[in-house]
Peer 1: 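One structure is given below, represented as structure tokens, and several questions about it will come after.
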Amino acid sequence: MNDADQSMSSACSIRVRGVVQGVGFRPFVYRLARANTLTGWVLNGEEGVEIYLEGSELRLQAFVRELQTQPPPAATIAEIEVHPAAPLGLSDFSIRESERKDAPTVRISPDLPVCNECLRELFDPINPRYQYAYINCTNCGPRYTVVLGLPYDRPKTTMKDWPLDEYCASEYRDPGNRRFHAQPVACPTCGPFYYLHQADSSDGAAIRNDEAIRKASELLNHGCILAVKGLGGYHLACDARNPAAVTALRERKYRKEKPFALMAKDLATAKKLVELSADAESLILSSPRPIVLAPAKVKLLGIAPDNNELGVMLPYTPLHYLLFAAGAPDALVMTSANRSSEPIAYEDDDALTSLAEIADAFLIGQRPIARRVDDSVARAGAFGPAILRRSRGYAPGAVATLPIERPLLAVGADLKNTVTLAVDGQAFVSQHIGDLEYYEAFRAFEETIGDLVSMYAVRWEDLLVVHDAHPQYASTTHALALPVGDKIAVQHHRAHIASVLAEKGAWEKRVVGVSFDGTGYGDDGSIWGGEIFAGSVKEGFQRVAHLRKAILPGGDAAAQFPVQAAAGFLNQVEGSPNLAESPFNFPSRYAQSLRLVRKQVRTFGTTSVGRLFDTAAALLGFTREITFEGQAAMWLEQLAQAAPSVEGYPFPFVDRELDFRPLLLAVANDRKHGRDVREIARAFQRGVAQGLCECVGSICASAGTDTVVLSGGVFQNELLLRDLKSLLAPQFTIWTNHAVPANDGGISLGQAALAAFASSERQ
Ligand code: ZN
Ligand code: FE
């Protein structure tokens, strides 16, 4: 420090909140302080990173400026507080030990893709970590999938059993190094390795690291199916351009039609597979490296049947890069390794047993996975990025700040389940868990709750628990059995609307909320899913309009069979053609369901727009059983996308009801008269958008707002969103989900938001 600086010495203390632990924040601060000739210290405190600095006023200002504008790539700063302090006359800058935390409020970083510097080293033959699949640094690598507890330190990660050798330790201890306190740091000498396990040989573990990877890519080129251990679980991989391999994978996995995700070697390859808009390109390159849905440019047999879109992601672990570099096919199917509908396998023993019939060989890494985290799925949508499955790379990031001090646990819905834990008002949404009707998924649900609650050191007795209003949901039953005093039920579709407002922190904003959805338990015990609300999170939502009520024979089970749903809707449509005849050829299930409807046996009332879409799909030819949720509606959307723009069918809004009868009659008659099914699908979708637009216009006027919120599973329909944008955007402000899915993956956040206010009213 020179004399001039010393003569004007001042000091300050700084607190930084956000994702600032385990992302190279302290070494960054260390280097920045040194560069500005400042003295002091930095440490991980209870509420984030604490910094004390002294030096010249100008240098202090420069430090704060750079802290704000150039934080480490993996950090997210939520807040910086700067307070003046009295200079202590410190002579150097140091990194101090972490403070003990009894209630950790710092955040766990989501997993990060391998960074460019590590990639350079990975392919540098003279680097000690050349071709080492576990290379990482403070800017990249695993986080949530290796954390066993907080604070984030090596003994509390799945790397605890690999002591550092001298080389790694010297980097780990050097504040000037990129690997300073990089908890998962390792090298080929001291760290875990990858090995190839082949079902037909016992010497599997003998083939290690680069040799194993080379052999694995060879097998992929020969059409084999490989189980590959990744960040948050196992993938099943095969050559996407090899129809025999893809077919074998579908058969062995019992996965009939649900699309497979692809991993492309690099951006250039991805662009050959799909049409990437500028927004889609930044999404596919973004740090969570999600699977991005985009229009397909190539036809790949068996990858995404009946679908104009492909889901593509880029490599994100060093292993992926090594596989491609070793000559693996440049487009791989990379699908979650499980048997149909089960959660992704993540433990080695479990993978070896459960995937034995599916995989020809296993590429297994020794580093254990702390918890299962699936790949995320996103799309560059009409209203900006939309997340369809929020998991790896996003979870467990905070998505909202709720005005509640008490810890709160919202358990979500039974389909596409996620849970939300709010601590000090920070709402942490879990990774995608799955459909709780499956035993394994339900176990994962219990584990995730226990995991989050213990990670954030929340005491069960302090928790406010929030669940869906559906009395028979597995999540509800579980919530009600928890050893916790206070429980609140939140209605499903109000939670959908609140999830959008929670993302925005818009608690008092009066909006008109449209929840078009597959299914959800309504206030009157019927199956809702076409609801229009007015109100705010703070004051609650009044149901002000809805889809005309139909009958659902067999209740929720009707979601499996479009013709079964159709019976309950078409029963009300007078003058519709005979559906047993050509071109409809409805199977006998339709007539059986119709009898139930007429006798009112095992029937439920419904206002579900999801089932309305199913009915239209049935009329257009989708008369078989669906093999995954939302399949018929997606099929219809794909048809409609292939059509020119046409005039919409009538979907009038009368007496606070959207009347589906003219809409379905038009679909049935046009089909009967031989109109192109793509055009009919288009006119149906356009009609839905126009009817909703009319309805929203009238309700906004009486509710005195021009802000419209759209949420619920139906709004994954991109064509519907585009229509609504063109019809509504000129007059109204439209809010949709961005941080959490519009489908039931967003329910837990909405539950948390509504409960935060409901509970404050009670007190
Ligand atoms: Zn790195
Ligand atoms: Fe829903």
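Residue numbers run from 1 in the order of the sequence given. Counting starts at 1 for both ligands and their atoms, following the listed order.
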Peer 1: What's the spacing between Asp517 CG and His492 NE2 if we round to 0.5 Å?
Peer 2: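 Asp517 atom CG to His492 atom NE2 measures 4.0 Å (nearest 0.5 Å).
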Peer 1: May I ask you to check whether Tyr172 and His181 place their ring centers less than 6.0 Å from one another?
Peer 2: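 Here the rings of His181 and Tyr172 have centres that are less than 6.0 Å from each other.
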Peer 1: Quick check for you: with the Fe ion (ligand 2) as the vertex, what angle do OD1 of Asp744 and OD1 of Asp517 span, to 10°?
Peer 2: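 Seen from the Fe ion (ligand 2), OD1 and OD1 are separated by roughly 120°.
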Peer 1: Measure from the Fe ion (ligand 2) to every N/O/S atom of His496 and report the name of the nearest one.
Peer 2: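 When I compare the N, O and S atoms of His496, NE2 is nearest to the Fe ion (ligand 2).
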Peer 1: Sort by chain and number the protein N/O/S atoms that are closer than 2.8 Å to the Zn ion (ligand 1), and list them.
Peer 2: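 Correct list: Cys115 SG, Cys118 SG, Cys137 SG, Cys140 SG.
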Peer 1: Determine yes or no for a side-chain-to-main-chain donor-acceptor pair under 3.5 angstrom, with Asp153 supplying the side chain and Lys156 the backbone.
Peer 2: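 Judged by distance alone, no pair lies under 3.5 Å.
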Peer 1: Pair Gln751, Thr420 - check side chain to side chain donor-acceptor pair (under 3.5 Å), show working.
Peer 2: CA-CA 9 Å; Gln751 289 175 339; Thr420 292; over 6 Å; no
Peer 1: Side-chain donor-acceptor pair under 3.5 Å between Gln431 and Thr418, yes or no?
Peer 2: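 There is no such pair between these side chains.
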Peer 1: Quick one: report the N, O or S atom of His492 that is nearest to the Fe ion (ligand 2).
Peer 2: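 Result for His492 and the Fe ion (ligand 2): NE2.
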Peer 1: Considering residues, nucleotides and ligands other than Gln542, do more than 12 of their heavy atoms fall under 6.0 Å from its CD?
Peer 2: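 No, the 6.0 Å shell around CD holds no more than 12 heavy atoms from other groups.
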Peer 1: Check whether any N, O or S atom of His493 sits under 2.8 Å from the Fe ion (ligand 2).
Peer 2: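 Looking at His493, which is the residue asked about, there is no N, O or S atom under 2.8 Å from the Fe ion (ligand 2).
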Peer 1: Atom CG of Asn127 and atom CD of Glu121: how far apart are they, to the nearest 0.5 Å?
Peer 2: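 That separation rounds to 4.5 Å.
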Peer 1: Out of curiosity, Asp210 CG to Tyr194 OH, how far, rounded to the nearest 0.5 Å?
Peer 2: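 Those atoms lie 14.0 Å apart.
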